[in-house]
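Excluded from the calculations below are hydrogen atoms, water molecules and symmetry mates; all remaining heavy atoms, backbone and side chain alike, are included. Keep in mind it's a predicted model, so treat the numbers as computed, not measured. A, B, ... follow the sequence lines: proteins, then strands. Residue 1 opens every chain.
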Amino acid sequence: MPVVDVAVPVPLKQSFSYLHDTPVATGVRVKVPFGNRTLIGVVIGNIETQTEDTGLTLKSVIEVLDEVPLFDPTLITLANWLAKYYHHPIGEVWSTLMPVRLRKGMPLTDKLDAFTLTEAGQDALEQSLVRGKKQQLCLASLADEPVEEGEIKQRFSPAVIKALSEKALIQTVRIKQEIQTDWASYTLQETTPVASTEQAVAIAGVNQNGTEFRTFLLEGVTGSGKTEVYLQVIAPVLKANRQVLILVPEIGLTPQTVGRFERRFGIKVGVLHSQMSDLARLQVWQQSRRGELGIVIGTRSAIFTPMVRPGMIIVDEEHDESFKQQDGLRYHARDLAVKRAQTENVPLLLGSATPSLESLNNALAKRYTHLQLSERAGGASHTQLKVLDSRDQPLQAGIAPGLLSVMRSHLQQGNQVLVFLNRRGYAPAVLCHHCGQTVDCKSCERPFTYHKSQGRLQCHHCGASKRMPNQCSACHSTSLQTSGLGTEQLEQGLGELFPDIKQVRIDSDAVRGKDALVTRLDEINARKYQLLIGTQILSKGHHFPHVTLVVVLDCDGALFSADFRAPEKFAQLITQLAGRAGRATKPGEMYIQTDNPGHPLLQELIHNGFAHFARHALHERKMANLPPYSAQAVIRAEANAAQQVHTFLQQVKQAFSDHSHQFGGYIAGPLPCLIEKRQGRFRFMLLLQCSQRAALHNWIASTLRQVQSLPLATRVRWSLDIDPVDFS
DNA sequence: AGCACGCCGACT
DNA sequence: GTCGGCGTGCTC
């Protein structure tokens, strides 16, 4: 009897074999018995007949769920690659790349449920019998034709739908989806703008490559018209009746972005993001798989969207950290895009104003084709960057007097001022406010990290720990202070310093609701507030034409963090932010307050811009043998008992060091995580590094078994993170 | 991860 | 005498 190899959703690094009377195609879902439960798995291979030498009795497949494979060979290759590269259980890999509904074993059908008006509903609409405003709107949207369930559920609350169905004004019907498989004959809805010289060069660069795999890095300053380049490079792809997959950061997926693509080509654009219902996602997934969508735009997990006729992949804002999954299968969608484009043999376009050092390095090494846009469209001027030396300054609410007077003058002129809190979880260093010197670990020559809970300093490279000193070792001043503190004082203090100015705080807490951010941004642009205090979210996607001054305060935290990526993240933030303030008629200025005005990376950023900063930073990475000139992995562990976690990682470290000589591996830790305690559990991590990616891979592959069999491995919660980007 | 089996403490 | 604590081991 044929034997099928099934990837079952359990955290085990193997697949399981089942009997079935006929062979089952790879990529088909099956229902199988597993222990005393039944699970949905994916067939990943077939063994013709049962090999009698294995001593186990195989169970049989309960049900074959799909007539045809749901996944094409490319996605199967991708799944296998993921399991291997991230050392992750194959069954869990399949779970993450399947839409939730398919994971649950739900059937895939061409028909879908939709809402339509009943006769009573029709009357109610015509005679305006329904009093609820939302209910009225809902009825109106169904006036012409049935609308699919997913869409209605997204636009109206369950209460509205429930009320209308109870009054029998609406009902569900099954409709067959219209199938559009040919969009090559699309008509441009709007005229294609004439590309600038730089844009034209970039567009030609991509288009002349043909349809084969190649990675392009489009490095274009904010406002240089990257989207226009995307639009013009995908036009011929669509003309050839091929599909385009576009990945965007979580925050970047706005109706405006989607609308821009829809307006240009007049074709339906599939959208995928985390806030959609499972059903809506599945529908887009399926439409793409059947080749009914020319363009699919989505966030991180959209990289798993199947395409019958793939033509190109684009990753916008490729440096964005939201492309890295931070739990479970910790994949990086940008890296995966490279792998997928290669397997599909289609071009890949990575775009950013502030490319990741990884991508930039690949471009400089000619592995990627480097395309650059350095002019802002329409001749808009750049925001001027300035450094404000805060050494020895008496700070008020964390701000130096000189800067306060600059703020005052901008406010007096009726302009908006943005105070930016760089509140990201940087490992805080300790600096002398008199001379700017950091407190360093003697053996590593790197700043110590301040751990608030213990009130001690810890070196994140060798693990050395010492108590907080009283004096600066360089100038003996007693004004040592930890970086990144004082944001709370700032929020209060600004109110006291500028009592007559209307201020608003924008961070992820303050704009929790669905439309809260949009509302707040509209208010800002309507000049309802004059002083804006904000965090990360302000650096992404929004424009502030009335802001003429941007103040960045806790810069030193980023420059001296134990996280070697902190300066890069900071520079990206600054650059993105600078691109969002002011406009042609009202050029902006930006002040960065620091105790280290002479810091080489900061100087490079201020005077020569991100591109130069990045090249300088790359050079430093090379000198320090840090990524992308080496490869890293992190093992994180957490448990209720700190001792247990520590012991476990100590044993893991031992296991790795037993093998390290073969691979030239370096181990740091166990170190307490920056957020040492989360949900009552203590968290520690172990850093693994090799100069070669392959060596790191083999090192982990040959040690992981041993780690998994440690008795403590089942007592603590632990995870492996390949190519970590966040060390918190 | 689930889920069962298994062996020690306080309850109807 | 049993209900239930969570340690240990297995899942084709």
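Atom CG of Leu712(A) is separated from atom C1' of dC6(C) by 16 Å (rounded to the nearest Å). In this structure, Arg715(A) places its CZ atom 12 Å from P of dA1(B), rounding to the nearest Å. Asp5(A) has its CG atom 14 Å from the P atom of dC12(C), to the nearest Å. Note: CG (Leu710(A)) to P (dT8(C)) measures 14 Å, nearest angstrom. To the nearest angstrom, P of dC12(C) lies 17 Å from CE of Met1(A). Atom CD1 of Ile40(A) and atom C1' of dC12(C) are 16 Å apart (whole Å). The interatomic distance linking Arg37(A) (CZ) with dC10(C) (C1') rounds to 11 Å, in whole Å. dA1(B) atom P lies 23 Å from atom CH2 of Trp94(A), rounded to whole Å.
Taking a cutoff of 4.0 Å between a charged side-chain nitrogen and a carboxylate oxygen, Asp723(A) and Lys324(A) do not qualify as a salt bridge. Salt-bridge formation is detected for the pair Asp721(A)/Arg330(A): a Lys NZ or Arg NE/NH1/NH2 atom is positioned less than 4.0 Å from an Asp or Glu carboxylate oxygen.
Residue contacts shown for Pro33(A) are limited to sugar-phosphate atoms, with no base heavy atom under 4.0 Å away. Here Phe34(A) lies in heavy-atom contact (under 4.0 Å) with a base.
Between the side chains of Asp658(A) and Gln654(A), at least one donor N or O lies within less than 3.5 Å of an accepting N or O. Checked by atom type, the side-chain pair Asn625(A)/Ser630(A) shows no donor-acceptor distance below 3.5 Å.
Dashed line: the shortest gap from a side-chain N or O of Asn36(A) to OP1 or OP2 of dA4(B) is under 4.0 Å.
Here the nucleotide nearest the side chain of Lys59(A), chosen from dC12(C), dG7(C), dC3(B), is dC12(C).
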